> 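Here it is, the structure, as structure tokens.
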Amino acid sequence: MAGDTGDRPAVLVTGGAAGIGRAIATRFAAGGFRVHVCDADPQAVRRFRDEMPAASASVADVSRVADVDAMFEDLRRHHGRLDVLVANAGVSGPTAPVEEIAPADWDRTVAVDLNGQFYCTRLAVPMLKAAGGGSIVLISSSAAFFGYPLRTPYTACKWALIGFMKTLAMELGPHRIRVNAICPGSVRGARIDGVIERDAAERGRTAAEIRRLYERQTSLRSFVGAEDIANTAFFLASGEGAMISGQALGVDGHTESLSNWLD
């Protein structure tokens, strides 16, 4: 892929080698985009390169400025341009009452879920301006609309991303750069399974009980698929979403509440 600087648009998907990010990368590739992903997991990056050889990838932890700088150098070398940033990389953070959360766990959640989005955006914007405009899609959460007991670091970051997005939409709109946030609900897969298991252990309940509780939080009584997030990200970046900016879009089966007390 080195030196692929043709006319096809290019997308960068952070946290893109597995899970939701992988689904997003696959959707953009199917839509004709050249794809570059980064991921902190070297094994996931190796698998991605093997399974999607037409795309390019970097091992990068978005919470580290040096990693982000190197990843953008890879992006420029492979594609020479950027038309869409999908800032997807994130961590779930701890599940615990606030007084039991270790400062190191708080700091790690903020470093990835908030700082990492800034580190990537600050380098993406000059490339988007050089391309004559484009799209930034931040992956927030339905937790950006509610309080979320036992998940304070994660929730604080996801609320902050909405303010970040709204401000960027105003700042970058004159440069024809649209900025939106997707707010998924619980997405099927290993990540939510881990959250459920930790929540169950914290409460002394079974994982099945906690899963049913999470499902009851939405009107559709079901979890979201990674493909639902991917399709929305592609729509927002496409011509069909040309007049959508500054929006926080719930893709969550309509979350009614994140109050998750069993009693």
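Along the sequence shown, residues are numbered consecutively beginning with 1. Small disclaimer: the values here were computed from a predicted structure and weren't measured.
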> Using the salt bridge (charged side-chain N to carboxylate O under 4.0 Å, His left out) rule, take Arg212 and Glu209 through it: C-alpha gap first, then chi angles, then the decisive distance, then the call.
CA-CA 5 Å; Arg212 286 194 296 272; Glu209 287 178 304; 5.1 Å; no
> If a pair satisfies salt bridge (Lys or Arg N to Asp or Glu O under 4.0 Å) and one of its residues is in residues 44-56, list it, with sequence neighbours excluded.
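As it turns out, the salt bridge (Lys or Arg N to Asp or Glu O under 4.0 Å) pairs with a partner in residues 44-56, which skip direct neighbours, are Arg22-Glu51.
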> Taking the basic N atoms (NZ, or NE/NH1/NH2) and the acidic carboxylate oxygens, is any pair closer than 4.0 Å for Arg205 and Asp199?
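No.
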> Would a distance-only check, ignoring hydrogens and angles, find a side-chain to backbone donor-acceptor pair under 3.5 Å from Asp113 to Val91?
yes
> How close do Ser58 and Val45 get, counting heavy atoms only, and between which atoms?
O-CG2, 3.8 Å
> Is Val35 linked to Ile136 within one hydrophobic cluster, defined over Ile, Leu, Val, Met, Phe, Trp and Tyr using a side-chain heavy-atom separation of less than 4.5 Å?
no
> Could you tell me which non-hydrogen atom of Leu82 sits nearest to which non-hydrogen atom of Val11, and how far apart they are?
CD1-C, 4.1 Å
> Do Val37 and Phe48 make a side-chain contact, defined as non-hydrogen atoms from C-beta onward lying under 4.5 Å apart?
yes
> Mark yes or no for whether Arg151, through its side chain, and Ser92, through its backbone, hold a donor-acceptor pair below 3.5 Å.
yes
> Donor-acceptor pair, distance only, cut-off 3.5 Å: does the side chain of Asn180 make one with the backbone of Val137?
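Pair absent, no side-chain N/O of Asn180 close to backbone of Val137.
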> Flag the pair Val62 / Asp67 as yes when at least one side-chain heavy-atom distance between them is below 4.5 Å, and no otherwise.
no
> So, does Asp39 use its side chain to make a donor-acceptor pair with the main chain of Val59 at under 3.5 Å?
no
> So, Asp252 versus Ser142: side-chain donor-acceptor pair below 3.5 Å or not?
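Result is no, nothing qualifies.
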> Testing Arg77, Arg34, His79 for side-chain hydrogen bond (donor to acceptor under 3.5 Å, both in side chains) with Ser56, which one passes?
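Passing option: His79.
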> Heavy atoms only: give me the nearest Tyr214-Val195 pair and the separation to one decimal.
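Minimum heavy-atom separation between Tyr214 and Val195: OH-CG1, 3.7 Å.
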> Hey, is the main chain of Ile139 close enough, under 3.5 Å, to the side chain of Lys158 for a donor-acceptor pair?
yes
> Do the rings of His78 and His36 sit parallel, tilted or perpendicular, given the 30° and 60° boundaries?
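His78 vs His36 ring planes: tilted.
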> Any donor-acceptor pair under 3.5 Å linking the side chain of Arg178 with the backbone of Leu236?
yes
> Tell me if a side-chain donor or acceptor on Glu100 pairs with a main-chain N or O of Pro97 at a distance below 3.5 Å.
no
> Is there a path of hydrophobic side-chain contacts, each under 4.5 Å between heavy atoms of I, L, V, M, F, W or Y residues, that connects Met165 with Leu114?
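As far as the 4.5 Å side-chain criterion goes, Leu114 and Met165 are connected within one cluster.
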> With side chains defined as the heavy atoms from C-beta onward, is the minimum distance between Val112 and Ser63 less than 4.5 Å?
yes
> Can you tell me if Arg64 has over 12 outside heavy atoms packed within less than 6.0 Å of its CZ?
no
> Testing the basics here: between Tyr154 and Ala143, what is the closest heavy-atom pair and its distance to 0.1 Å?
CE2-CB, 4.0 Å
> Checking Thr121 side chain against Phe118 main chain: does a donor-acceptor pair fall under 3.5 Å?
no
> Is there a donor-acceptor pair under 3.5 Å between the side chain of Arg221 and the backbone N or O of Thr218?
yes
